[in-house]
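Below, read A as the first sequence line, B as the second, and so on, with proteins coming before strands; counting in each chain starts at 1.
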There are 2 protein chains.
Amino acid sequence: MREDDAFRAATMYYLQDQTMDVIARTLGVSRSTVSRLIKSARDDGMVRISLRPPSSTGSQLGHRLAATFGIKAHVVSVRESASEVHRLEQVAMVAAGLISEWFSSDMVLGVAWGTTVAAISRHLKSSPSRGSVVVQLNGAANTYASGVTYASDLIAAIAAAFDSTMYHFPVPAFFDYPETKRLMWRERSVQRVLEMQRRVDVALFGVGALSAEVPSHVYSSGYLDDAEIASLVDDRVVGDVCTVFLRGDGSFRDIEINARATGPTPRELRTIKRRVCVVVGEAKGHALLGALRARVVTDLITDETTARYVLGLLRGAPGSPAGGRLGP
Amino acid sequence: MREDDAFRAATMYYLQDQTMDVIARTLGVSRSTVSRLIKSARDDGMVRISLRPPSSTGSQLGHRLAATFGIKAHVVSVRESASEVHRLEQVAMVAAGLISEWFSSDMVLGVAWGTTVAAISRHLKSSPSRGSVVVQLNGAANTYASGVTYASDLIAAIAAAFDSTMYHFPVPAFFDYPETKRLMWRERSVQRVLEMQRRVDVALFGVGALSAEVPSHVYSSGYLDDAEIASLVDDRVVGDVCTVFLRGDGSFRDIEINARATGPTPRELRTIKRRVCVVVGEAKGHALLGALRARVVTDLITDETTARYVLGLLRGAPGSPAGGRLGP
DNA sequence: AATCATCGTGCACGAATGTGCAACGCCGCT
DNA sequence: AGCGGCGTTGCACATTCGTGCACGATGATT
C-alpha cells in the first residue's frame, strides 16, 4: 500500500517532472507526505540514478590514472576543505552506487573488510537480486576493531542490500603458525569458502597503509605485534590489499607474514574479472601505488586529492611528492 | 569543459547528495550556474533515473491488464483533472524513459508514426548507442498532417537521440492500387527497409481509433476518402495498429484496405520480441482492446483513465462501459 | 476498560532550488 | 574602432522542498 504510493509518487516526481503539490492532490495526501514517500522510495532503493560520463573529455586526473595503469578510474569531486572522513563518505556514496550497477543476479561479490568497505556498506541502497552471493575475502575472526563493525556484520549488511546468500570466512586475519593455516585450508568448511572465492565476479576492497600517520586498523588493532610490524618495515612493505602485504613496486614474495595471511594474493585476485578498489587519503598513496603496480585493480574509485597525490608520487621524490624536484 | 562541469555537478548532486551551494563553492561558480549545469546534465541525458516497481504489490489496474492479456502493463498516474493532451504528455515522458531503458547498442528499433509516437519523441533524452538502427514501420510519404511532424522528422529525432542509423520508409501510408504495392515490394530500396523491419528488436507504436470523437489523424488527414471509411465501418473495424486495421476481436482478415496498407500485419508484428504500445484516451479504448486481442502488444504503457476504461469494456456493454449492467 | 507506546499525518517555517532580468564578455561584421 | 548579436553569469525574488513538532488513530499491554 505505502510502497505502492511511494512508487507512484516517485514516478510522477522523477519521470513525469510533477511538483510534489500536484502529486499530493493526485494521491489525496498532503504535500509533506509526498516528500516523505519520495524519500522512502529513494532510501529503499526504488529509485536508481546513474550518470553517463561525458564521452570525449574527462577529468584530467581520471584520464591520467587510466592511461598510466590501464584501469578505469572514477575520480570523485569533494569540497577542498572537507575532512578526510567526509571525503571518505563522499567517495563511499559514489562507490556504493557503482557497485550496485555492476553487481546483479547470479553473480558473486567478494568483499574485504575495513573502514573503507564499511563506509560503502553504509551507503548501499537495497537492490534485490536473485541467486547472488556475497563472500568474505579475508579472515577477521571476531575481534572488534575500533570504530569498525564486525566483519560479519559488514558482510551481512552487504548481503542484505542485494538479497544475497552470504559466505563468512571464520578464520583470523592472520594465523600465528603457517602450519595452522595449511591444516585449516584442508577443512571442508574453509574449502567451501575458498571455492566460492574462486567464483567471484566482482571484488571490492580498499588498501591498508603502513604509514605511521593514519595507520589502517589492521596495523593498530592488535592483529600484529611490534616485531611483526618491524619485519614488515624491513621488507619495505608499504601496505596491504586483503591483508596481503605489498611493497611499493607491487611485489609481495618473500614477505613472511603473507604465508600466514588469509586473503587472496594479488595473483589470485587477478583471476577476478572486475576488481574494484576504493581509496581515500594521501596516507594511502604509496600503498595504492603498490596495489596498482601489482595489477590487482581494474576499477579505482577515489577522490581528487588522493588521485593527484598518487600521480605526484610518480614524478616527485618517492617519499614526498610535495618535496620532489627541487631544482632543474 | 562545460560538459565536464555538468558531470561533476550532477555527480555531486545526485550521487553524493550535496546541496547546490556546496557544489557551487567546489566548482567556483555561482549557485545559479550549478542549478543550470544540473539541468543541462538532465536535458542532455547524462542523468538516468529509473524506478524499480515494488515487487509484490502493484496497481490493481496494471495487474488486471497484465493478467487478462498476458502482457506487461505500465499504468501511469496523472492528475484527475488533466486534459487529454496533458495526459498524453505525461504518459509519453514515462514511455520515453522506458524505451531508453529497453533499447541499446546493436539493436533495431521499429517505430510507427502518429501523434502518440511524436509525443514520445519529444521527451527522449539523448542516450547514444553504437550500431543501433531505427527503422520506420509504415509508410507516410511526405504528407503533412495537422500538428504531426513529418514522419521523416519523427524518425530522425528518434534516431538522433540514440545516435542510430535511420531507415526511412518512403512509401505512402496506403497505396491506391494493391498492384502498386506488390510491385513496390519487389524494389530493392523497399526490400532493404523490409529486411530491416524483420530484424526489429523493439517495436514502438500507438493505436488509431476509428471512433468519431477524436479521430486519429490517419482518418482525418486525407489518407482515406469517405468511401473507404464507410467500408471500414462496414467491416466493423475499430481502429488500426501501424496502419493495419483491426476489428474489436483482434481479427484483421478480409479488410480490403489492409491489402494496400504498408505497415506490418499483426502476424508480422508478433515475430518481434518486444512490442511496446502506448495509448492515451478513452476514445481509443475499443481499438486498444482489438490490438490486445490481436496479441500485438507485449508492453502496454497507458494512463489510469484509459486502463480503467478498457477493463470496463470487458464487463460492460460493448458500446459503453458506463452504461453497462444496469440491473442485478 | 484504561493506559501507553508507536506510527503516520498535516502544519508551518526555514532551507534549497528555479528563473526573469540586467550586466558582462566574446565574436563577427561594418 | 565601433557596433550589435549571442551566449553566459550572478543577483534577487518566487517557487518548491524538507523537517521538527504536535495531534490523532491504532493496537498492544496492564
Could you tell me how far apart [X] ([atom1]) and [N] ([atom2]) are, to the nearest whole angstrom?
X: B:R36; N: D:dT9; atom1: CZ; atom2: C1'; value: 7 Å
X: B:D43; N: C:dT19; atom1: CG; atom2: P; value: 10 Å
X: A:M20; N: C:dG10; atom1: CE; atom2: P; value: 15 Å
X: A:I23; N: D:dG18; atom1: CD1; atom2: P; value: 10 Å
X: A:D21; N: C:dG10; atom1: CG; atom2: C1'; value: 13 Å
X: B:L37; N: C:dT17; atom1: CG; atom2: P; value: 14 Å
X: A:Y13; N: C:dT17; atom1: OH; atom2: P; value: 10 Å
X: B:D5; N: D:dT8; atom1: CG; atom2: P; value: 13 Å

Any N/O donor-acceptor pair, A:S32 side-chain to C:dC11 base, under 3.5 Å: yes
Contact nearer the 5' end of DNA chain D, comparing A:K39 with B:R31: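 That would be B:R31.
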Using a strict 4.0 Å threshold on nitrogen-to-oxygen distance, state whether [X] and [Y] make a salt bridge.
X: B:R122; Y: B:E89; result: yes
X: B:E304; Y: A:R8; result: yes
X: B:D21; Y: B:R31; result: no

Sugar-phosphate, base or nothing in reach of B:T33, heavy atoms under 4.0 Å: sugar-phosphate
Sugar-phosphate, base or nothing in reach of A:S35, heavy atoms under 4.0 Å: base
Aromatic centroids of A:H74 and A:W102 separated by under 6.0 Å: yes
